[in-house]
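Both ligands and their constituent atoms are indexed starting at 1 by order of listing.
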Amino acid sequence: MLIFMNQKWHAVKSNFIALTVILWFALFLSAMSVLVFNEYRNQEKIFNNKSAAITELVHQRLIQSEVVVGSIETILHIFDVIPFYGMEPSPNAKLAQFPHQHSLTKQSATTEFESLFKASASGLSLIDINAMPTLNIEAGNFDAVLFNRLRGYVKDIIVQYPYITSVTIEPRVEREEVTQFEEHAKSMLAMNYKIKSINQEPISRIDSIDTKANSTNPHSVFPHAFYYPVTFKEPIAKSDMKQLGVDMYDDPIWRDAIDRSIRTQKYAITKPFTVNNDRVFGLLKAVFATATPSTDVEIRHAQAAHVLSITINPIKLLSSDEMPSPNTMVKIDSGYFLNRSSNDTIAIFNPGAAPQLNRNWSNFLFPVFHYSHRNMNVQQPYLIESSRQVGWELFSGTATVISALISLGVALLAAALIRIRDQQKELTHNTNDIIFREKERALVTLHSINDAVLTLDSFGCINYANAAALTALHKDMDSINGLHVGRVLNLHYDFASSAIPDPIQTCLNEERIVDFPENTVLNIEQGLHQLIEGSISPLFNLDHRCIGAVLVFRDLGPARKKALAAIEASEKRLRQHQAELAHVTRLTTMGEMASGIAHEINQPLTAILSYNQACIRLIQEEHPDKEEIIRAMQSAALQAKRAGKIISRLRSFVTKKRAPVELIQINQLIQNVLTLIEHDLRDHEIAIDIDLIQSPALIAADGIQVEQVILNVIRNAMEAMSDVEPPQKVITIRSTQEFDRVAVSIKDHGSGIAKDDADQLFNPFFTTKKDGMGLGLTISTSIVESYGGQLSARNLEHGGAEFIVTFPIFKANTTVLSVTSNFNV
Ligand code: ADP
C-alpha cells in the first residue's frame, strides 16, 4: 500500500515537474521574445536616430567645406596677384603683380570680404579678424605678410577641419601666357616652375601634334588653349614641391568638375580618386574675374580666372565614436556624373573596425538595420547609407535572469493551478461515478424488489415507477410519467367509519412518513382491486427541503396466504408437540401410578404375607383348622390377584417406547414450555420475566422429559402465586452456564416453602395441596438425576421460592445414562 502510494506520489511529482518545465520554457521564450523584440525596436530607433544625426553632421561638415572654399575665395579677391605660396617665399622674391588679364574685381572683393567677416564671426575661420581692417584694399599692394596670413589661415582650416586634406589654388593661364607665367612663377618661388601634366610630364612633351618640330624647344608649342596649374598648395612638404605647376585641367576628373563649376557658377565635386591609399574627392569653385560673369558658357569659361579647390577625405568626416556603425557609407550619387562607375562610391567607415557586413550564421538569426538618406543638395549629391548587424546585445543579462525567474514563478503557479483543476476534475469524476453507481444500485434494487415503488416530485407528480409498481398498476412508464399520483393510484379504505385523510397529501404537507391505513384497497381496473399495505416517505435535499416523496406499497394477498400457511404449520407442530407431551404426561402419570401401585401392591403383598404366615401357623398346629387354612389361602390368592390386576393396569398404560436421548439446547426447551402454557399464564395474569444466556452449551437428554421437568416447576410456581395479585405475579426464568453445567432458575413471588416442609419436599406423595399427588418433584428429580443433573429449591429473601435445575454440559466422550425412573417409594 505504502509502495503504491509512493509510486503514485512519484508519478504526480514527475508530472508536475514536467509540466512546470514545459510551461517555464514556453513562458520564458515568450517573455524573451517580447524583450528581444522591444530591444530590437529600441536598437533600431537608436540606430535610425544616430544615423539621422550623423547624416545631419555629414551634411553640416560638407557645407562647412563649401564655406571654407568660399572664405578662401573672398580672401583671394583681396589679391590682385596670384598667390604662389606653397612654401616659404624666397627672401629675394618681390611681391610683383603678374600682368594677369583676369584681375579680380575690387568691388566684389569688398562684398566677399564682408561675408568672410561674417563667416569668421561664426567661428568658421581662424583668420585674424582684427588685422583685416588695417589692410589697404584700395591700394592693391599687398606684401608677403598678407600671403603669410592666407597661408596661416589655410593651415588653421586644415587643422580645424581634419577632413579637408589640402587646399589648392589654380589660376587660369592662357596658352600664350605660359612662358611668361612660368618665368614669373620662377621669380616668385625662387625655384624652377613648369606647367606640367598630371603625370608630371612637361606640357610641351605631351604635344602629340608637333612632337618632332618642337623636340628642341619643348615650350614652343602648347597643346591646350589654357591651363589651371597649381600655384598654391597647403599643406605641402618640400618633397611635394613638384606638385606645383601640375595642370589640374589636364586631369579628366578635375577637368570635369572645373567645367561643371564654370557652367553652373557653383561648387562642384570631383569623382573620387585615391591619394596615399585614401579614397578622397575634390570640391572646387571657379572664381570669375568679373562680378557678373557672362551668360554665355564659352565667354564665362574665359572669365574663370581662378579655381579654388580642396580635397576632402570622407573617412575623416566622422570620428569613429560618431558613427552609428562601422558599416556606414557616404556615397556620391553616381547619377551626378556622366561617366559613372562603381568607384564613385566613397565609404566612410571606422578604419579600426571591419568595414564589411559579414554574412554569417548570425545574419540568419539576427536582422540587419538599414538606413539611407539622399542629400538633396545638387552640388554635393551624397547618399548616406548605414547598416548594422544586430547581435547578442539584444539579450540583456539582467532582463534574461529576471524574465527567467518571473516565468519560473508563473509556470509554477500555472502548473499548480492546472494540477488543482485536474484534481478537481478527478474529484468530480469520482463523485459522478459514486453518484452513478449509487443510482444504478438504487435502480437495480428498485427494479428487482417485489414491492411497488413510485417516486414523486414536490407537487405529487410521478417521475419514476419500478417494475413492480408498473405491474401492480397495469401501466407503462410513459403513460404515467408526470401524472399526479392521485390520478394513477386510486385508493379507498374498506370498513372506514369516517373519512381518512389522504396519506400522500399528508406526507407532502407535513413532511413526515405516513403509513397507509390497514384497510387500504387499490382499485386497479373495473372490478379489479387489491388489499395493499404501504407508506409514503418525504425526500429531502441537502438543505433539508422536501423535494418529493417515495411511495411504497405491496399486495397483501400473497402475504396473507403465506401467513395462513405458516400459522397452520405451526399449529400442526404444536399439536404434535402436545401429543408427545401427553404421552410424557402419561409416562409421568405411569410413574405416579407406579408409586401408587407400589403402595397398593404393598398392601396385598403384606396381606398375602400375613395370610401365608397364618396358614403356616395353622398348619403347624396340632389340629389344623382346614377350613381356616383354606379361607386364609383363598384370601391370599385374592390379594395376589389384586396385585396382578394392578400390574396389568400398569402395563396397559405404558405402551409408548422411550424417546432416545438427543443433544438439545436448554433455551429452546424453555421457549417450548412457555408456548405450551401461554394460555394458562394469560388466564392467571402471570407475567414472565425471561433472561436467557446466549447460545448455551448443549446437553444430552430427552427433550420431552426435560420440558416436563420445567413445566412441572413452572406449574408449581404458578400455583404458589394463586393468592398474589399483579404486578407481583411474575415468574422470573433465567438460563445460565457455569463451568461444566447449564442451569435454569425459576423464581416466583408465592408463599415460599414452609420451614417444616423443606426436608420432605422431594419425597414421594408429599403435598400441601388439596388435590396434589405429591409426585411432581419426585419424578422431576428422578428425571434430572437420570441425566446427571440436580434439582434444588430454596426460599427467597423477599418471599417466594427458587427452584434450580442443572444439567451437565454434553461432552463427546460422555456416556449418557439410560433413563429409568428409579425413585424409591
Ligand atoms: P403436588 O404439586 O402434587 O403437591 P409436588 O411434588 O409437585 O406435588 O409438590 C410437593 C409440594 O412441594 C407441594 O405440595 C408444595 O407444598 C411444595 N411446593 C412445590 N413447589 C412449591 C413452590 N413453588 N412454592 C411453595 N411450595 C412448593
**OP:** Check step by step if side-chain hydrogen bond (donor to acceptor under 3.5 Å, both in side chains) holds for Asn672 and Gln668.
**Re:** CA-CA 6 Å; Asn672 290 350; Gln668 184 57 51; 3.0 Å; yes
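Checked against side-chain contact (heavy atoms from CB on, under 4.5 Å), Pro517 has the following partners two or more places apart in sequence or in another chain: Tyr493, Ile500, Asn519, Thr520.
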Could you list, one pair per line, each nitrogen or oxygen of ligand 1 together with any protein nitrogen or oxygen closer than 3.5 Å, giving atom names and the distance rounded to 0.1 Å?
{"from": "ligand 1", "atom 1": "2 (O)", "to": "Lys769", "atom 2": "NZ", "distance (Å)": "2.8"}
{"from": "ligand 1", "atom 1": "3 (O)", "to": "Met773", "atom 2": "N", "distance (Å)": "2.8"}
{"from": "ligand 1", "atom 1": "3 (O)", "to": "Gly774", "atom 2": "N", "distance (Å)": "2.8"}
{"from": "ligand 1", "atom 1": "4 (O)", "to": "Thr767", "atom 2": "OG1", "distance (Å)": "2.3"}
{"from": "ligand 1", "atom 1": "6 (O)", "to": "Gly776", "atom 2": "N", "distance (Å)": "3.4"}
{"from": "ligand 1", "atom 1": "6 (O)", "to": "Leu777", "atom 2": "N", "distance (Å)": "3.0"}
{"from": "ligand 1", "atom 1": "7 (O)", "to": "Asn716", "atom 2": "ND2", "distance (Å)": "3.3"}
{"from": "ligand 1", "atom 1": "8 (O)", "to": "Gly774", "atom 2": "N", "distance (Å)": "3.3"}
{"from": "ligand 1", "atom 1": "14 (O)", "to": "Thr767", "atom 2": "OG1", "distance (Å)": "3.1"}
{"from": "ligand 1", "atom 1": "14 (O)", "to": "Thr768", "atom 2": "N", "distance (Å)": "2.6"}
{"from": "ligand 1", "atom 1": "14 (O)", "to": "Thr768", "atom 2": "OG1", "distance (Å)": "3.2"}
{"from": "ligand 1", "atom 1": "16 (O)", "to": "Thr768", "atom 2": "OG1", "distance (Å)": "2.2"}
{"from": "ligand 1", "atom 1": "23 (N)", "to": "Asp748", "atom 2": "OD2", "distance (Å)": "3.3"}

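Atom CG in Leu454 sits 7.5 Å away from atom CG in Asn466 (nearest 0.5 Å). Put simply, CD1 on Ile670 and CZ on Arg734 are 11.0 Å apart, with the number rounded to the nearest 0.5 Å. One finds the OG1 atom of Thr445 at 12.5 Å from the CG atom of Asp451 (value rounded to the nearest 0.5 Å).
Classified by interplanar angle (parallel below 30°, tilted 30° to 60°, perpendicular above 60°), the ring pair Phe807/Tyr787 is tilted.
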